[in-house]
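In what follows, every heavy atom counts, from backbone to side chain, and hydrogens, waters and symmetry copies are set aside. Atoms within each ligand, like the ligands themselves, are counted from 1 in listed order.
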Amino acid sequence: MEIVVIAIIPMLLFLLGAGFLVVAQVSGFMQSTFFNQRHNFSNMIIQRYMERITLAQGELFQRKQELEGISAQLSLSNQELARLNDMKSKFLSMVVHDVRTPLASIRGFSELLLRRKVEEKEAAYLKNIVSSTDQLGRLISDLTDLAMIEAGKLKMEKFPFNFPDMAKDVLPGLSINAQKKSVELIVHDLPEGVQVDGDKFRLSQVFMNLVNNAIKFTPEGRRVDVAFRREGKYIGVLVKDSGIGIHPSETKKIFEKFYQAKYQKDQKLRKQGWGLGLSIAQEVVRAHKGDIGATSPGLGKGSTFWFRIPVGT
Ligand code: ADP
């Protein structure tokens, strides 16, 4: 019995070893098949990505060429635009120059005739000619400024001057305009001796433009207040009127050239201007490193126009 057991044990051990070997072989085989499949799958994905990348590269190249074409066209259009703009500026300054001279003689001769003994009706006609030539003259000078701004030639002749004195010089003329319209013009806090290093003529043009606009857009019997403020290194001017006011959507747009407020329905007032004064004023103030703006509580509630420029050192 013992001999049988002793003989069976090695056989069992042999069979067990062989079994293990077979299992190991089968599992190795299965693992390598699985690995190969995964490897092939990854290769396929990589290949697809490569194909897509190649396609995208082709498209990118095509787009780049298209963009280069568009950019070349744009550059040509830009050159053409610059040429046309230059022609427009030259044309504008030629017209302005050629209109100014005959306008001066029309005005001069009308005034001469007015000094003679003429009938009341004729005098009224002549006065009308004079005021119309004045209106045209203002347009011509605004167009001259615009042509200079567009050509980049609006130069500021800067010298130190007394800012309140500049205001004092022009206020009498502005008061006359206010009286003609039956608008009360009140000046507050005119300071003494504030020196500014700037273009006196241009800055007085800005000041007059704001006050004249305030008078123009204020109905008879109401008032316009002009105040001066020292704000740090700036001297500021505020022109507050009790006129037609400005819609909130237009307080910035009115500083664009040729812009007249859409909510300003009075055709007579529209025809008195060209929407150029404020854009020129903005250029002048910016050339002095200052700021300009307008606020209004709303239509019919008046507005406040202001500008400020640095004081001299
Ligand atoms: P314009 O010669 O037409 O007055 P501006 O450039 O001086 O040209 O003004 C542009 C527009 O801004 C005016 O047409 C008007 O609509 C508006 N505006 C200017 N000042 C006032 C004001 N004080 N009150 C209301 N609207 C104003």
Side-chain angles (χ1 to χ4, degrees), residues 92 96 131-150 154 167 170-171 173-175 177-188 201-228 236-287 290-308:
L92 202 63
V96 161
S131 75
S132 299
T133 50
D134 282 347
Q135 205 178 323
L136 260 178
R138 277 195 297 275
L139 169 64
I140 294 294
S141 86
D142 278 357
L143 285 176
T144 315
D145 289 348
L146 183 70
M148 297 221 288
I149 289 169
E150 294 202 335
L154 190 75
V170 294
L171 274 167
L174 293 168
S175 294
N177 292 348
Q179 273 167 28
K180 277 189 199 158
K181 175 96 192 277
S182 303
V183 166
E184 198 181 355
L185 179 66
I186 303 156
V187 180
H188 307 262
F201 168 73
R202 292 288 175 193
L203 287 170
S204 73
Q205 198 185 1
V206 174
F207 179 64
M208 288 195 292
N209 181 267
L210 297 195
V211 180
N212 276 327
N213 270 354
I215 296 168
K216 181 162 118 184
F217 293 107
T218 298
E220 268 184 47
R222 303 228 185 130
R223 59 188 270 179
V224 168
D225 292 87
V226 179
F228 297 82
V237 179
L238 289 100
V239 182
K240 183 172 184 285
D241 66 53
S242 42
I244 62 169
I246 306 164
H247 190 271
S249 63
E250 297 198 293
T251 47
K252 286 212 163 61
K253 284 190 186 157
I254 52 172
F255 288 90
E256 289 169 14
K257 58 188 170 209
F258 293 113
Y259 193 89
Q260 293 191 306
K262 290 197 175 55
Y263 291 88
Q264 171 209 321
K265 302 282 181 214
D266 189 329
Q267 288 307 316
K268 213 171 139 207
L269 282 182
R270 286 188 95 85
K271 282 187 188 146
Q272 278 175 28
W274 289 78
L276 280 174
L278 289 179
S279 64
I280 295 167
Q282 180 168 258
E283 286 291 332
V284 172
V285 170
R286 282 186 181 162
D291 310 296
I292 187 165
T295 55
S296 171
L299 290 174
K301 293 179 182 161
S303 13
T304 301
F305 281 75
W306 58 270
F307 74 96
R308 58 176 202 169

Leu276 heavy atoms within 4.0 Å reach ligand 1 at atoms 6 (O), 8 (O)
Polar proximity ligand 1 side, Gly277 side, N/O cut 3.5 Å exclusive | yes
If you round to the nearest 0.5 Å, how far is CD1 of Ile149 from CD1 of Ile280?
-> 5.5 Å
Separation between CZ of Arg308 and CG of Leu238, rounded to the nearest 0.5 Å = 11.0 Å
Taking only non-hydrogen atoms of Ile246 and a 4.0 Å limit, the atoms of ligand 1 in range are 25 (C), 26 (N)
Looking only at distances, please establish whether an N/O atom of ligand 1 is found under 3.5 Å from an N/O atom of Asp241.
-> yes
Taking only heavy atoms of Tyr259, which atoms of ligand 1 are found under 4.0 Å from at least one of them?
-> 10 (C), 11 (C)
Does Leu276 reach the side chain of Phe258, with side-chain heavy atoms less than 4.5 Å apart?
-> yes
Closest non-hydrogen protein atom to atom 18 (N) of ligand 1, residue and atom name please, with distance?
-> Phe217 CE1, 3.7 Å
Would Leu174 and Val226 satisfy side-chain contact (heavy atoms from CB on, under 4.5 Å), going step by step from the backbone distance to the final call?
-> CA-CA 11 Å; Leu174 293 168; Val226 179; over 6 Å; no
Under 4.0 Å to a heavy atom of Ile244 - the qualifying atoms of ligand 1, by number | 25 (C)
Ala261 heavy atoms within 4.0 Å reach ligand 1 at atoms 16 (O)
Taking both backbone and side-chain atoms of Gln272, is any N or O found less than 3.5 Å from an N or O belonging to ligand 1?
-> no
How many angstroms lie between atom CG of Asn212 and atom CD of Gln205, to the nearest 0.5 angstrom?
-> 11.5 Å
List every atom of ligand 1 that sits less than 4.0 Å from any heavy atom of Lys216, numbering the atoms from 1 in the order shown and giving each element.
-> 1 (P), 2 (O), 4 (O)
Thinking salt bridges, do Asp145 and Arg202 make one under a 4.0 Å N-O criterion?
-> yes
May I ask you to identify the nearest protein heavy atom to atom 17 (C) of ligand 1, giving residue, atom name and distance to one decimal place in Å?
-> Ile254 CG2, 3.8 Å
min-distance protein heavy atom vs atom 7 (O) of ligand 1 -> Asn213 ND2, 2.8 Å
Output for pair (Glu220 CD, Glu184 CD), nearest 0.5 Å, gives 14.0 Å
Kindly compute the distance separating CG (Leu278) from NZ (Lys253), expressed to the nearest 0.5 Å.
-> 15.0 Å
Ranked by distance from atom 24 (N) of ligand 1, the top protein heavy atom is Ser303 OG, 3.3 Å
Using a 4.0 Å heavy-atom threshold (strictly under), name the region of Phe305 that reaches ligand 1: side chain, backbone, both or neither.
-> side chain
Partner of Phe305 under side chain to side chain contact (heavy atoms under 4.5 Å, CB included), picked from Thr251, Asn213, Val237, Ile254, is Ile254
If you scan protein heavy atoms around atom 8 (O) of ligand 1, the nearest is Gly275 CA, 3.1 Å
Within a radius of less than 6.0 Å around CH2 of Trp306, do more than 12 heavy atoms belonging to other residues, nucleotides or ligands occur?
-> yes
Examine ligand 1 and decide if any of its atoms is less than 4.0 Å from a heavy atom belonging to Ala214.
-> yes
Check Ile215 against Val183 and note the closest heavy-atom contact, atom names and distance.
-> O-CG2, 4.3 Å
In terms of residue, atom name and distance, what is the protein heavy atom nearest to atom 14 (O) of ligand 1?
-> Gln264 OE1, 3.2 Å
dist Leu136:CG -> Ser131:OG (nearest 0.5 Å) comes out at 10.5 Å
Among protein heavy atoms, which sits nearest to atom 3 (O) of ligand 1, and what does the distance come to when rounded to 0.1 Å?
-> Gln260 NE2, 2.8 Å
Hey, which atoms in ligand 1 end up nearer than 4.0 Å to a heavy atom of Gly245?
-> 25 (C)
Atoms of ligand 1 under 4.0 Å from any heavy atom of Leu278, numbered from 1 in the order shown, are 5 (P), 6 (O), 7 (O), 9 (O), 10 (C), 12 (O), 19 (C)
